[in-house]
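By convention in this document, chain letters (A, B, ...) are assigned in the order of the sequence lines, proteins followed by strands, and residues within each chain are numbered from 1.
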Amino acid sequence: MPELPEVESIRMYLSANIVGKTLQGVEILEKKMFFGDPKKITGKKIIAILRSGKVLTIQFENKLYLSTHLKLSGQILYSPDKNKPIFKNTIPRANTNKMPGKTTRIILNFDDDSVIYFNDLRKFGWMKLSDKPAHAKGTDVLSKDFTFKYFEKAIAKTARPIKVVIMDQERMAGIGNIYANDALWLAKIHPARKCNTLTLQEKKILYRSILDTIKEGLKYKGSSAHDELYLLPDSSKGSYQNHFKAYHQHGTPCKRCKTIMKRMELGGRGTFFCPHCQK
DNA sequence: AATGCGTCCTGTCTGC
DNA sequence: TGCAGACAGGACGCAT
(Lines give C-alpha, C1' and ligand atoms only; values in the text may rest on other atoms or scores of the structure.)
Protein backbone atom coordinates (compact mmCIF):
# COMPACT_ATOMS: atom_id res chain seq x y z
CA MET A 1 0.00 0.00 0.00
CA PRO A 2 1.47 3.35 -0.92
CA GLU A 3 2.70 5.24 2.15
CA LEU A 4 5.15 8.13 2.36
CA PRO A 5 8.21 6.28 0.94
CA GLU A 6 6.22 4.87 -1.97
CA VAL A 7 4.54 8.18 -2.84
CA GLU A 8 7.82 10.06 -2.51
CA SER A 9 9.52 7.55 -4.83
CA ILE A 10 6.78 8.15 -7.41
CA ARG A 11 7.09 11.91 -6.89
CA MET A 12 10.81 11.85 -7.63
CA TYR A 13 10.27 9.75 -10.75
CA LEU A 14 7.58 12.08 -12.10
CA SER A 15 9.61 15.12 -11.18
CA ALA A 16 12.37 13.91 -13.50
CA ASN A 17 10.00 12.87 -16.27
CA ILE A 18 6.96 15.14 -16.65
CA VAL A 19 7.92 18.57 -15.30
CA GLY A 20 7.93 21.03 -18.21
CA LYS A 21 5.48 18.98 -20.28
CA THR A 22 2.09 20.26 -21.39
CA LEU A 23 -1.06 18.29 -20.64
CA GLN A 24 -2.84 17.49 -23.88
CA GLY A 25 -5.91 15.84 -22.42
CA VAL A 26 -7.44 13.68 -19.70
CA GLU A 27 -9.35 10.47 -20.30
CA ILE A 28 -11.62 9.66 -17.36
CA LEU A 29 -12.63 6.01 -17.49
CA GLU A 30 -14.02 5.91 -13.93
CA LYS A 31 -16.06 9.03 -13.33
CA LYS A 32 -16.33 8.77 -9.55
CA MET A 33 -12.54 8.94 -9.20
CA PHE A 34 -12.06 12.37 -10.79
CA PHE A 35 -13.21 15.66 -9.24
CA GLY A 36 -13.18 18.92 -11.15
CA ASP A 37 -13.16 20.07 -14.77
CA PRO A 38 -10.16 18.67 -16.69
CA LYS A 39 -10.60 21.36 -19.38
CA LYS A 40 -9.11 23.85 -16.92
CA ILE A 41 -5.69 22.20 -17.15
CA THR A 42 -5.80 21.07 -20.77
CA GLY A 43 -2.99 22.82 -22.67
CA LYS A 44 -1.30 23.85 -19.43
CA LYS A 45 2.32 23.22 -18.52
CA ILE A 46 3.44 21.25 -15.43
CA ILE A 47 5.80 23.18 -13.22
CA ALA A 48 6.32 20.93 -10.19
CA ILE A 49 5.37 17.66 -8.48
CA LEU A 50 4.57 18.00 -4.78
CA ARG A 51 3.79 15.62 -1.95
CA SER A 52 2.14 15.98 1.45
CA GLY A 53 1.84 12.78 3.47
CA LYS A 54 0.46 10.20 1.07
CA VAL A 55 -1.00 12.80 -1.31
CA LEU A 56 0.78 13.49 -4.60
CA THR A 57 0.11 16.74 -6.47
CA ILE A 58 0.90 17.93 -9.99
CA GLN A 59 1.24 21.71 -10.10
CA PHE A 60 0.24 23.51 -13.30
CA GLU A 61 1.41 26.88 -14.60
CA ASN A 62 -2.01 28.48 -14.11
CA LYS A 63 -1.93 27.88 -10.33
CA LEU A 64 -4.15 24.80 -10.50
CA TYR A 65 -3.24 21.59 -8.72
CA LEU A 66 -4.14 18.02 -9.63
CA SER A 67 -3.88 16.02 -6.41
CA THR A 68 -4.08 12.26 -6.21
CA HIS A 69 -4.41 9.69 -3.46
CA LEU A 70 -3.53 6.08 -4.32
CA LYS A 71 -5.23 4.63 -1.24
CA LEU A 72 -4.70 0.85 -1.14
CA SER A 73 -4.29 -0.21 -4.71
CA GLY A 74 -3.45 2.81 -6.85
CA GLN A 75 -0.63 2.75 -9.39
CA ILE A 76 0.89 5.61 -11.37
CA LEU A 77 2.53 4.33 -14.56
CA TYR A 78 4.44 6.45 -17.05
CA SER A 79 5.25 5.62 -20.65
CA PRO A 80 7.29 7.91 -22.92
CA ASP A 81 5.21 6.81 -25.91
CA LYS A 82 1.46 6.26 -25.82
CA ASN A 83 1.69 4.46 -29.15
CA LYS A 84 4.02 1.88 -27.60
CA PRO A 85 2.89 1.68 -23.96
CA ILE A 86 4.82 -1.50 -23.21
CA PHE A 87 6.36 -1.87 -19.75
CA LYS A 88 9.36 -3.98 -18.80
CA ASN A 89 7.42 -5.82 -16.09
CA THR A 90 3.95 -7.35 -15.93
CA ILE A 91 1.60 -5.02 -14.06
CA PRO A 92 0.15 -6.84 -11.01
CA ARG A 93 -3.58 -7.58 -11.33
CA ALA A 94 -3.69 -6.13 -14.83
CA ASN A 95 -1.78 -9.29 -15.82
CA THR A 96 -0.19 -7.65 -18.84
CA ASN A 97 2.71 -5.31 -19.52
CA LYS A 98 0.66 -3.26 -21.98
CA MET A 99 -1.43 -0.29 -20.89
CA PRO A 100 -4.19 0.73 -20.60
CA GLY A 101 -5.34 -2.36 -18.70
CA LYS A 102 -8.52 -3.48 -17.01
CA THR A 103 -7.64 -1.55 -13.83
CA THR A 104 -6.81 1.71 -15.67
CA ARG A 105 -9.18 4.44 -14.41
CA ILE A 106 -7.70 7.75 -15.60
CA ILE A 107 -5.20 8.59 -18.38
CA LEU A 108 -3.19 11.81 -18.65
CA ASN A 109 -1.81 12.49 -22.14
CA PHE A 110 1.04 14.91 -22.74
CA ASP A 111 1.94 16.87 -25.86
CA ASP A 112 5.08 14.83 -26.59
CA ASP A 113 3.04 11.58 -26.72
CA SER A 114 4.13 10.51 -23.26
CA VAL A 115 1.36 9.33 -20.96
CA ILE A 116 0.41 8.54 -17.36
CA TYR A 117 -1.95 5.68 -16.50
CA PHE A 118 -3.66 5.88 -13.13
CA ASN A 119 -4.60 2.29 -12.31
CA ASP A 120 -6.63 1.30 -9.27
CA LEU A 121 -8.02 -2.17 -8.74
CA ARG A 122 -10.29 -1.20 -5.83
CA LYS A 123 -11.37 2.25 -7.05
CA PHE A 124 -10.71 3.81 -3.64
CA GLY A 125 -8.21 6.32 -5.02
CA TRP A 126 -9.01 9.72 -6.53
CA MET A 127 -7.75 12.70 -8.49
CA LYS A 128 -8.93 16.18 -7.53
CA LEU A 129 -8.40 19.41 -9.39
CA SER A 130 -8.26 22.44 -7.13
CA ASP A 131 -6.70 25.88 -6.70
CA LYS A 132 -4.58 24.49 -3.89
CA PRO A 133 -2.85 21.15 -3.29
CA ALA A 134 -4.75 18.59 -1.21
CA HIS A 135 -2.90 17.76 1.98
CA ALA A 136 -3.32 15.85 5.20
CA LYS A 137 -4.10 17.82 8.35
CA GLY A 138 -1.10 16.50 10.21
CA THR A 139 2.50 17.54 9.59
CA ASP A 140 4.38 15.45 7.06
CA VAL A 141 6.90 13.31 8.93
CA LEU A 142 9.71 14.35 6.56
CA SER A 143 8.94 18.04 7.01
CA LYS A 144 11.27 20.16 9.14
CA ASP A 145 8.21 21.04 11.21
CA PHE A 146 7.96 17.43 12.35
CA THR A 147 10.13 18.01 15.40
CA PHE A 148 10.28 15.91 18.55
CA LYS A 149 8.24 18.62 20.27
CA TYR A 150 5.54 18.36 17.62
CA PHE A 151 5.54 14.56 17.86
CA GLU A 152 5.31 14.59 21.64
CA LYS A 153 2.36 16.95 21.52
CA ALA A 154 0.65 14.95 18.79
CA ILE A 155 0.63 11.74 20.83
CA ALA A 156 -0.13 13.34 24.20
CA LYS A 157 -3.46 13.21 26.01
CA THR A 158 -4.85 10.05 24.53
CA ALA A 159 -5.16 6.52 25.80
CA ARG A 160 -5.51 5.03 22.33
CA PRO A 161 -2.97 2.44 21.17
CA ILE A 162 0.26 4.05 19.99
CA LYS A 163 0.11 2.30 16.60
CA VAL A 164 -3.33 3.69 15.81
CA VAL A 165 -2.16 7.19 16.76
CA ILE A 166 1.03 7.28 14.66
CA MET A 167 -1.06 6.20 11.66
CA ASP A 168 -3.57 9.01 12.25
CA GLN A 169 -2.99 11.36 9.30
CA GLU A 170 -4.52 14.27 11.23
CA ARG A 171 -1.68 14.04 13.77
CA MET A 172 1.23 13.18 11.50
CA ALA A 173 1.12 12.45 7.80
CA GLY A 174 2.73 9.67 5.83
CA ILE A 175 2.84 6.63 8.10
CA GLY A 176 0.72 3.64 7.08
CA ASN A 177 0.52 0.06 8.27
CA ILE A 178 3.90 -1.15 7.00
CA TYR A 179 6.06 1.59 8.47
CA ALA A 180 4.03 1.86 11.70
CA ASN A 181 4.64 -1.82 12.45
CA ASP A 182 8.34 -1.61 11.63
CA ALA A 183 8.97 1.64 13.53
CA LEU A 184 7.39 0.17 16.68
CA TRP A 185 9.51 -2.96 16.34
CA LEU A 186 12.63 -0.83 15.98
CA ALA A 187 11.65 1.17 19.07
CA LYS A 188 10.86 -2.06 21.01
CA ILE A 189 7.40 -0.69 21.87
CA HIS A 190 4.31 -2.89 21.83
CA PRO A 191 1.77 -1.59 19.26
CA ALA A 192 -1.10 -1.75 21.76
CA ARG A 193 0.63 0.40 24.38
CA LYS A 194 -1.60 3.29 25.41
CA CYS A 195 -0.05 6.58 24.31
CA ASN A 196 -0.24 8.17 27.71
CA THR A 197 1.88 5.41 29.28
CA LEU A 198 4.96 6.05 27.13
CA THR A 199 7.97 7.42 29.00
CA LEU A 200 9.93 10.40 27.67
CA GLN A 201 12.77 8.05 26.74
CA GLU A 202 10.38 5.76 24.80
CA LYS A 203 8.91 8.72 22.94
CA LYS A 204 12.38 9.87 21.93
CA ILE A 205 13.30 6.41 20.69
CA LEU A 206 10.02 6.07 18.80
CA TYR A 207 10.41 9.48 17.15
CA ARG A 208 13.89 8.47 15.95
CA SER A 209 12.60 5.05 14.85
CA ILE A 210 9.82 6.56 12.76
CA LEU A 211 12.26 8.79 10.90
CA ASP A 212 14.78 5.97 10.43
CA THR A 213 12.11 3.55 9.19
CA ILE A 214 10.64 6.02 6.72
CA LYS A 215 14.12 6.86 5.42
CA GLU A 216 14.95 3.18 5.03
CA GLY A 217 11.73 2.70 3.04
CA LEU A 218 12.74 5.61 0.84
CA LYS A 219 16.23 4.21 0.34
CA TYR A 220 14.70 1.03 -1.13
CA LYS A 221 12.12 3.00 -3.15
CA GLY A 222 9.21 1.64 -1.16
CA SER A 223 7.72 -1.79 -0.69
CA SER A 224 6.30 -4.06 -3.41
CA ALA A 225 5.45 -7.23 -1.49
CA HIS A 226 3.97 -10.25 -3.22
CA ASP A 227 0.38 -9.27 -2.45
CA GLU A 228 0.84 -5.57 -3.08
CA LEU A 229 0.25 -3.44 -6.12
CA TYR A 230 2.78 -0.67 -5.65
CA LEU A 231 5.18 -0.07 -8.54
CA LEU A 232 7.36 2.79 -9.64
CA PRO A 233 6.03 4.57 -12.74
CA ASP A 234 8.31 2.53 -15.03
CA SER A 235 6.82 -0.74 -13.60
CA SER A 236 9.90 -1.59 -11.52
CA LYS A 237 9.42 -2.71 -7.93
CA GLY A 238 10.58 -1.20 -4.69
CA SER A 239 12.64 -3.50 -2.48
CA TYR A 240 11.81 -2.55 1.10
CA GLN A 241 9.78 -5.77 1.33
CA ASN A 242 13.13 -7.57 1.59
CA HIS A 243 13.86 -5.59 4.75
CA PHE A 244 10.60 -5.85 6.70
CA LYS A 245 11.25 -5.93 10.44
CA ALA A 246 7.73 -6.73 11.66
CA TYR A 247 5.19 -6.16 8.88
CA HIS A 248 3.76 -9.54 7.82
CA GLN A 249 6.45 -11.38 9.81
CA HIS A 250 3.99 -13.33 11.99
CA GLY A 251 5.07 -16.94 12.39
CA THR A 252 8.72 -16.16 11.65
CA PRO A 253 11.48 -15.59 14.26
CA CYS A 254 12.07 -12.03 15.47
CA LYS A 255 15.17 -10.61 13.77
CA ARG A 256 16.42 -9.48 17.17
CA CYS A 257 15.57 -12.20 19.69
CA LYS A 258 14.28 -15.16 17.60
CA THR A 259 10.92 -15.29 19.41
CA ILE A 260 8.12 -16.16 16.98
CA MET A 261 6.43 -12.96 15.80
CA LYS A 262 2.70 -12.56 16.41
CA ARG A 263 -0.26 -10.98 14.68
CA MET A 264 -3.10 -9.11 16.34
CA GLU A 265 -5.79 -6.65 15.30
CA LEU A 266 -5.68 -2.96 16.27
CA GLY A 267 -8.12 -0.37 14.98
CA GLY A 268 -9.32 -2.97 12.50
CA ARG A 269 -5.88 -3.46 10.96
CA GLY A 270 -3.38 -6.29 10.91
CA THR A 271 -0.66 -5.63 13.47
CA PHE A 272 2.62 -7.52 13.72
CA PHE A 273 4.99 -7.56 16.67
CA CYS A 274 7.47 -9.51 18.75
CA PRO A 275 5.78 -10.57 22.01
CA HIS A 276 9.17 -10.79 23.74
CA CYS A 277 11.12 -7.65 22.90
CA GLN A 278 8.29 -5.16 22.25
CA LYS A 279 7.08 -3.95 25.65
C1' DA B 1 -13.73 16.79 21.41
C1' DA B 2 -12.71 12.18 21.01
C1' DT B 3 -13.59 7.70 19.65
C1' DG B 4 -15.27 3.78 17.09
C1' DC B 5 -17.62 1.59 13.52
C1' DG B 6 -19.55 1.01 8.73
C1' DT B 7 -18.54 2.00 4.01
C1' DC B 8 -16.28 1.95 -0.50
C1' DC B 9 -14.26 -2.22 -3.94
C1' DT B 10 -12.51 -6.50 -5.88
C1' DG B 11 -9.15 -10.36 -6.05
C1' DT B 12 -7.81 -14.01 -3.19
C1' DC B 13 -8.28 -17.21 0.36
C1' DT B 14 -10.95 -20.50 3.33
C1' DG B 15 -14.34 -23.84 4.35
C1' DC B 16 -18.03 -26.74 3.25
C1' DT C 1 -14.47 -29.01 -8.01
C1' DG C 2 -17.51 -25.25 -7.19
C1' DC C 3 -19.35 -21.78 -4.78
C1' DA C 4 -20.47 -18.62 -1.03
C1' DG C 5 -18.68 -15.95 2.38
C1' DA C 6 -14.80 -13.83 4.81
C1' DC C 7 -11.03 -10.87 4.46
C1' DA C 8 -7.78 -6.88 3.57
C1' DG C 9 -7.25 -2.03 4.08
C1' DG C 10 -6.90 4.40 4.05
C1' DA C 11 -9.76 7.74 4.97
C1' DC C 12 -14.21 9.61 5.40
C1' DG C 13 -19.02 10.08 7.32
C1' DC C 14 -21.81 9.33 10.90
C1' DA C 15 -23.29 7.92 15.62
C1' DT C 16 -22.27 7.99 20.32
What is the nucleic acid contact for A:Gly125, judged by heavy atoms within less than 4.0 Å: base, sugar-phosphate only, or nothing? nothing
Measure from CD on A:Glu3 to P on C:dA8 and round the result to the nearest Å. 17 Å
Quickly work out the A:Tyr247 OH to C:dG10 C1' distance and round it to whole Å. 12 Å
Given atom NZ of A:Lys71 and atom P of B:dC8, what is their separation to the nearest angstrom? 13 Å
In whole angstrom, give the distance that lies between atom NZ of A:Lys54 and atom P of C:dC12. 10 Å
Base, sugar-phosphate alone, or nothing: which one does A:Tyr230 contact when heavy atoms must sit under 4.0 Å apart? nothing
Might you work through the salt bridge (charged side-chain N to carboxylate O under 4.0 Å, His left out) test for A:Asp112 and A:Lys21, ending with a clear yes or no? CA-CA 8 Å; A:Asp112 64 346; A:Lys21 293 186 178 181; 3.0 Å; yes
Does a nitrogen or oxygen in the side chain of A:His69 sit under 4.0 Å from OP1 or OP2 of C:dA11? yes
Rounded off to whole Å, could you give me the CE-to-P distance for the A:Met172 and C:dA11 pair? 13 Å
For A:Glu8, run the side chain to side chain donor-acceptor pair (under 3.5 Å) check against A:Lys54, A:Arg51, A:Lys221 and tell me which one passes. A:Arg51
Salt bridge A:Lys63-A:Glu61, side-chain N to carboxylate O under 4.0 Å: no
B:dC8 pyrimidine/purine six-ring stacking with A:Phe124, under 5.5 Å and 30°: yes
Atom CD of A:Gln169 and atom P of B:dT3: how far apart are they, to the nearest Å? 16 Å
Any side-chain N or O of A:Arg160 less than 4.0 Å from the OP1 or OP2 oxygen of B:dA2? no
Counting any heavy atom closer than 4.0 Å, what does A:Asn177 reach on the DNA or RNA strands: base, sugar-phosphate only, or nothing? sugar-phosphate
Cluster link A:Phe244 to A:Tyr179, ILVMFWY, side chain under 4.5 Å: yes
Within the 4.0 Å heavy-atom criterion, would you say A:Ser73 contacts the bases, only the backbone, or no part of the nucleic acid? nothing
Nearest-Å distance for atom pair NZ/C1', residues A:Lys137 and C:dG10: 15 Å
Quick check for you: among C:dG9, B:dT10, C:dA11, whose closest atom lies nearest to any side-chain atom of A:Lys123? B:dT10
For the pair made of CZ in A:Arg263 and P in C:dA8, what is the distance, rounded to whole Å? 5 Å
Quick note, A:Arg171 side chain, CB onward, closest among C:dG10, B:dT3, B:dC9 is B:dT3
Specify the residue among A:Leu72 and A:Lys128 whose closest nucleotide of DNA chain C lies further upstream toward the 5′ end. A:Leu72
Aromatic ring pairing A:Tyr220/A:Tyr240, orientation class (parallel under 30°, perpendicular over 60°, tilted between): tilted
Quick note, A:Arg122 side chain, CB onward, closest among B:dG11, B:dT3, C:dG9 is C:dG9
Need one value for A:Lys157: base, sugar-phosphate or nothing, where a base atom within 4.0 Å counts as base even if backbone is also close, heavy atoms only. nothing
